[in-house]
Amino acid sequence: MEFALSEEQRLLQDSICRYLESECNLDRVREAAENNVTQQAEVWQGLSELGIQGIIIPEEQAGVGLGFLDAALVAEALGRSVAPVPFIGSSIMAPVALMAAGSDDQKEAWLPKIAAGDVVFGVGVTEQIAQRETTGIKSDGGKLTGKAMFVIDGVDANMLIIADDDGALYLVDVNAAGVTRQNLKTIDKTRAVAEIVLEGAAAEVLPGSQNDREPLLKTIDAGRLMLAADTLGAADIMLEKAVAYAKERKQFDRVIGSFQAVKHMCAEMATELEPCRSLIWYAAHAVYDIPDEARLLTCHSKAHLSEVGRFVAKTSTEVHGGMGFTDLLGLHYWFKRIGLDRQLLGAPELIREQAAAVQGW
Amino acid sequence: MEFALSEEQRLLQDSICRYLESECNLDRVREAAENNVTQQAEVWQGLSELGIQGIIIPEEQAGVGLGFLDAALVAEALGRSVAPVPFIGSSIMAPVALMAAGSDDQKEAWLPKIAAGDVVFGVGVTEQIAQRETTGIKSDGGKLTGKAMFVIDGVDANMLIIADDDGALYLVDVNAAGVTRQNLKTIDKTRAVAEIVLEGAAAEVLPGSQNDREPLLKTIDAGRLMLAADTLGAADIMLEKAVAYAKERKQFDRVIGSFQAVKHMCAEMATELEPCRSLIWYAAHAVYDIPDEARLLTCHSKAHLSEVGRFVAKTSTEVHGGMGFTDLLGLHYWFKRIGLDRQLLGAPELIREQAAAVQGW
Amino acid sequence: MDLAYNEEYVEFRAEVQAFLKANKSSAPKGRMGWGQADDKSRTWQQLLIKHGYAARTIPKEYGGFGAEPDILKNHIIAEEFAIAGVRPGHSGDPRLVPVVLELGTEEQKHALVGPTIRGDMVWCQGYSEPGSGSDLASLSTKAVLEGDEWVINGQKIWTSGAQHADMIFCLVRTEPDAPKHQGISYLIFKMDTPGIEVRPLVTMTGEAIFNETFFTDVRVPKDQIIGRRGEGWFVANATLKHERGSLGDPNQLEGRFRSLVEMLKSEKIDGKPLIEFPIYRDRLLKLQARVLSMKCNGMRILTANTKNEEPGLARWIVKLLGCELNHQMAALAIDVMGELGVLYEDSPYLRNYGMWQRNYMLDLGLIIGGGTAQIQKNMIGERALGLPKEPKYDAI
Amino acid sequence: MDLAYNEEYVEFRAEVQAFLKANKSSAPKGRMGWGQADDKSRTWQQLLIKHGYAARTIPKEYGGFGAEPDILKNHIIAEEFAIAGVRPGHSGDPRLVPVVLELGTEEQKHALVGPTIRGDMVWCQGYSEPGSGSDLASLSTKAVLEGDEWVINGQKIWTSGAQHADMIFCLVRTEPDAPKHQGISYLIFKMDTPGIEVRPLVTMTGEAIFNETFFTDVRVPKDQIIGRRGEGWFVANATLKHERGSLGDPNQLEGRFRSLVEMLKSEKIDGKPLIEFPIYRDRLLKLQARVLSMKCNGMRILTANTKNEEPGLARWIVKLLGCELNHQMAALAIDVMGELGVLYEDSPYLRNYGMWQRNYMLDLGLIIGGGTAQIQKNMIGERALGLPKEPKYDAI
């Protein structure tokens, strides 16, 4: 019985965090954001050298063959650094879809390329969670028609995986005829979501998803878990920054962290956040090892981190006072990243309803 | 334009509060509670002399002919003193039912008696809000059969008003054949709720309620408003007691109210509670003067005071530390009164759903 | 309790309504006037002053309308302009003009009030500094008297509108050896004085609605001071009070709540209106109870003001609760929009021009600004509830 | 990450299960054993010690089982007893025995540990006083050495079980002139010593689960002290740690959550199960996420303990969050019961014997007791996050 990170996992975490702290510091993030760069090329390249893009892809397809806990540690590190890279869609959700429903040929064709960083995938499954602006995506004789909103990592993608109205998953080439892409500007400039309009675009189904919603659901689960881990990382650093600021900032001839009100705000953030780490570890571990519990835990991870993340984002900003509200410290990059994580792939209210359904409530 | 209590209302409030402070202090309440007395005879008699039992009964029926704002001020004062008297059911809900649906004979027969304190009414409408243990109350040829739970002020009542499954209201004599009464023990020993089992008990319908649910709904509204005002009074004194304790109790060589954490707990209670007073004034004023808004405001008053009351009850207890948890200061009498107010005549979730329905949402 | 208005006010309301009907088309669009200086705004403001709908109680001799104070009439004006969706007038910079009228010299009143209320003289405020936020009195921008001039060096922050302002009213330390509250003076000077540099301050919303303002050997005539030397802290407190009162306005809360309801009725998930989702609806209803409470609380304050009574707690809580409530309304709006709730800037599919996303951040700024939530709670605890201040301590 | 147990533990678990199956029927009913003294409990406890399921790591020479410490085995024992619904054993008073073992004299260990773990010697704790709650070290019960005896005068509060206890361990001020933390001693004495009066202390739940205990010239032999004179504060801190750890236990959270789910499934409004009401269900789900988080957090602490690592924040938050979570579960239970949620004592229609109503109050008491929520937050801020203490101040 050991509920803890392994030595290898700690090393992985350390090496990614150290890499990102040096190569993806706030100045880099700011520069990318101000230039509307959502895939910071050097960082993406650096992560590729660390094997990140193939982290969950099996070794036989040139991946690293690690598990979801390892992937969650990466997502957490990327959240800590608000790194502008297409990890969640391209390195996690797309491989999950391919592994769950792709033919052997499809797997052979795409997984090694993803692992090598030769292709970036966008993933469009939003309509299968909640349709708001759209009327669905129809497939007809290998062609897709409709509109996919909030395609994750869709801005910089070469390839897409899109779900149709029946939950079947399709490979679509971004440059194919009948595919129009528009960047959707969000509060979070460190990540890319796109709108994809399909007008009879050529598409290749992932055969395992044709009469089985499970591959779609697995893809969504994986994305949610990574968003939750991303929020954990972002919230964790917002707490760290608040504590550091409270130790340094003086008002009324005292560091503000000596005021009980500020101290308790920090304590409340830590109290809310700390058990979340264990929840995500457990959920990530469950994906391969306790599959019966995995979906429930993923739902709770995403929904609970959304709530805790919002609380920490607000409270940390308040601890920073006026400075937290400015761009000067850049705190808002994490604030907004937590904001985006909350809304993508289902807001907490909807996800909790799914958690109820999973339990037959 | 004047949103304030009138001079007369302030006098009314003062005289009742002064009377209760002297004649219904905590020792009296404790004595009554320990002896299972839910209608403290001297206090009930004293209030009778102040005209309280006929406060909303018209002057032509020997009442005082005041409005609901006056009644709410009384309920608030009774909540402040956790007074063990059957005001809400007997002095408010029963007269409202009679005035809304009674025949002239019924009004003449009962309203003067209520106003004079010669009869105490219990009111059983719980089944029309939510049925849990019961299967309804059937009327058949002037006889009622079924079970009415949580009959407000039913323990000390001579007469009852009971709603049947269609929402029609009936007068029932407690001593009639086929009526069995059982006291329901609750957390709050200062008020009386009873279970009434009816087995073909003789009952006299209030004719105006026969094909119109409005009298029932008005009766429930009036009760809810009074419960909200009762909570306001109880919460207000819990805040006062917390502030007083925080000014007096020393720990670490300081009065605890000088600690920011305790100070902020008090400030948060005051901040939550203060606008509630205005809300209740407005809702009570609306009953006669802005009838279109009255039900919505009553729903919100009851639901919102339930939430704020719970927060204040908990927080004030925490400010009092271990002492708040003991019986020594008697703080729990208010804690429990707020607890009972919350649950009677509909818990906040259900009442908010009604507030939605009222607005066509 | 009488929520009706008597005849005088009913007539006055009718008069305002008639004015609005007749003149609505001349009103400029957009937000409130001061701080903006286009001709249309100036003409509109002059028309309003002439009718007594702006600068209403400012004496005629200083360019105002010269009416007796009447809180109900002010309330009616504000209400009717809000209902008609017409930009209201202003009484000049609401932070400055009352101070000049109360503490300025006769000469200052004549020179400053008229141009300010007409919109010909635009002001910015120089109070906060990077090192002095909640502890404003610790400010360190210095002014030294050299001959007939103050020489000012230092830095201010949150100087909104500084890039467009003609003038600044500014707190500076003139008595460095005095206790911190007693060493401050309230200076007023032109923004085109040499040595002033204004740098835009970008906030989390992405906009530069504030500035940082730097002073390097800025020379200001000695008599450009309001009140006496060393008394600036007490002069400023009068204006801080005015600023605080405007946050948490119940009219604004109600307006936002109506927009929120509209959204829940019009937006759909899988074709079903959001208001039919019990969990969203329940949050909406909880907020409605709070908005209604604040509306009633506002009427109570208004009544107390008309009677010259101190509203007490009812007033102390407005900023804390109002700002938090605005923030929570924005939070619910974002939540119910789902993925659409993160769109920003000029994105397609924005709802309400992205105001909820912007407000969610701006409202957090307002929770912090003008006295943080923690400072508000200290004030409520100490001033309204009479709890003791923290004991004196040794500096750490 | 490996949630499986290796072979040694799998075997151990099987052994425990077999024991439980064979002996379940001999176990007394009701809550945990210490503080109770009936014969059935004593016999059961002795059986458990014999098999190493109680007093497991207490050395044989003092009456224990004498095993090497193994946190996983402890965990397996606790888990299996909980699953089987069998009353677990105890290691004597868990606040006292570790202190005696660590700081007692050889003579004290022999005299006290054996009887205590067998249940023949029952203890109560005399720490808090009416004037010393959060600021425990300000306690004022005095002990003065007269010849060979301590003479004790003063009052304690929250002395649970004092009316049944054979012995008390008690903090008293022996050095009135020393700084407050350095003037305290840790005395142990018999509860039948003349001069001790125990009065039941009724709480808001209506029960007298605590007492007030008064000391008037209570004479205690000089050597009935643990640790040295004036070091009682540091002796006691070891025991406080043990008490704190037991609040917020995730097994208890999970058990309560299961009961809560059962209630929402079985209770109905107008014939419809409560779990089908979206608003109640959503609150249930929010609590579920927290319960699961605390379960995982507990596994993390357990693993850290097995590795002799400091669990840090994961441990600091348990009391604060666990007690609050229990309270919130009780609050939801009461809410979903509607009117039934206020029934109490021996009322008809009680659900779960009224445990939710009682817990709602008791859990609030636990939020306050053993370090209030405010003290917990101070500790988390200062000890876990390294924020500075409040500055020194002048007494007010």
Side-chain angles (χ1 to χ4, degrees), chain B residues 1-6 9 67 69 239-240 242-243 246-247 253-260 262-286 289-290 293 296-297 299-301 303-305 307-308 348-349 351-353 355-356 359 361, chain C residues 1-6 9 71-72 75-76 261 264-265 273 275-276 278 281-282 284-286 288-304 306-307 309 312-318 320-321 324 373-374 376-382 384-391:
Chain B
M1 213 310 286
E2 178 161 326
F3 188 86
L5 300 184
S6 66
Q9 284 164 335
L69 180 48
L239 166 61
E240 277 176 27
V243 170
K247 285 179 184 173
D253 299 322
R254 295 163 56 173
V255 293
I256 60 171
S258 72
F259 285 101
Q260 222 179 7
V262 174
K263 187 179 291 171
H264 286 195
M265 288 164 94
C266 292
E268 285 162 14
M269 284 191 273
T271 302
E272 289 289 314
L273 198 54
E274 190 57 22
C276 292
R277 186 178 310 282
S278 306
L279 179 67
I280 285 184
W281 286 2
Y282 189 72
H285 176 71
D289 291 274
I290 325 170
E293 297 183 22
L296 176 64
L297 284 159
C299 286
H300 275 313
S301 295
H304 187 53
L305 263 294
E307 307 289 15
V308 171
E349 289 81 5
I351 295 188
R352 280 195 294 270
E353 281 296 271
Q359 300 174 85
W361 292 358
Chain C
M1 185 74 58
D2 176 7
L3 304 186
Y5 287 85
N6 73 23
Y9 295 108
I71 288 158
L72 284 183
H75 183 71
I76 288 168
V261 173
L264 270 97
K265 286 181 173 177
I275 202 152
E276 294 178 17
R281 188 170 59 215
D282 193 57
L284 185 71
L285 286 157
K286 282 183 178 170
Q288 186 177 38
R290 291 185 170 276
V291 170
L292 283 169
S293 303
M294 290 304 281
K295 175 188 161 179
C296 300
N297 190 65
M299 291 195 282
R300 193 159 151 229
I301 296 172
L302 182 66
T303 299
T306 62
K307 295 178 167 184
E309 289 171 4
L313 256 176
R315 180 172 65 80
W316 283 107
I317 60 161
V318 169
L320 179 62
L321 210 52
E324 181 61 34
Q374 288 65 49
Q376 298 292 327
K377 289 180 194 174
N378 279 351
M379 290 201 306
I380 293 167
E382 290 164 15
L385 301 177
L387 291 166
K389 285 179 177 286
E390 289 206 67

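Chain A is the first sequence line, chain B the second, and so forth, proteins listed ahead of strands; every chain is numbered from 1.
For B/Q359 and C/Q288, the side-chain atoms include at least one donor-acceptor pair closer than 3.5 Å.
Taking CG of C/L321 as the reference point, atom OG1 of B/T271 lies at 6.5 Å (rounded to 0.5 Å). Once rounded to the nearest 0.5 Å, the distance linking CD1 of C/I317 with CD of B/E268 reads 13.0 Å. To the nearest 0.5 Å, atoms OG (B/S278) and CG (C/N297) are separated by 4.5 Å. Expressed to the nearest 0.5 Å, how far CZ of B/R277 lies from CG of C/L313 amounts to 9.0 Å. Separation of atoms CG (C/L285) and CG (B/L296) is listed at 8.5 Å; rounding is to 0.5 Å.
No side-chain heavy atom of C/C296 sits under 4.5 Å from any side-chain heavy atom of B/P275. Side-chain contact check for B/F259 versus C/E390: every heavy-atom pair is 4.5 Å or farther apart. Here the side chains of B/K263 and C/E382 are in contact, with some heavy-atom distance below 4.5 Å. Under the 4.5 Å side-chain criterion, counting only non-hydrogen atoms from C-beta, C/R290 is in contact with B/E272. Within the 4.5 Å cutoff, the side chain of B/Y282 has heavy atoms near those of the C/L3 side chain. Side chains of C/L292 and B/L297 form a contact here, defined as non-hydrogen atoms less than 4.5 Å apart.
At a 4.5 Å heavy-atom cutoff, the contact between C/Q374 and chain B is made by backbone and side-chain atoms alike. Of the atoms belonging to B/L273, not a single heavy atom falls under 4.5 Å from chain C. Contact of C/L320 with chain B is made through the side chain alone, with heavy-atom distances under 4.5 Å. Interface residue B/A355: backbone and side-chain heavy atoms are both found under 4.5 Å from chain C.
Residues B/L279 and C/A289 approach most closely at CD2-O, 4.5 Å, considering heavy atoms. Closest heavy-atom contact between C/K389 and B/S258: O-CB, 3.6 Å. Residues C/G381 and B/A267 come closest through the heavy atom pair N-CB, 4.1 Å.
A distance-only check finds no donor-acceptor pair linking the side chain of C/K377 to the backbone of B/M265 [under 3.5 Å].
Classification of C/R315 and B/E274 as a salt-bridged pair fails, no side-chain N sitting under 4.0 Å from a carboxylate O.
For the side chain to side chain contact (heavy atoms under 4.5 Å, CB included) criterion with B/M1, the lone passing option out of C/T306, C/L302, C/D2, C/I76 is C/L302.
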Derivation and outcome, side chain to side chain contact (heavy atoms under 4.5 Å, CB included), residues C/S293 and B/H304: CA-CA 9 Å; C/S293 303; B/H304 187 53; 3.7 Å; yes

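Relative to the six-membered ring of B/W361, C/R281 misses at least one condition, a distance below 6.0 Å or an angle of at most 45° to the axis.
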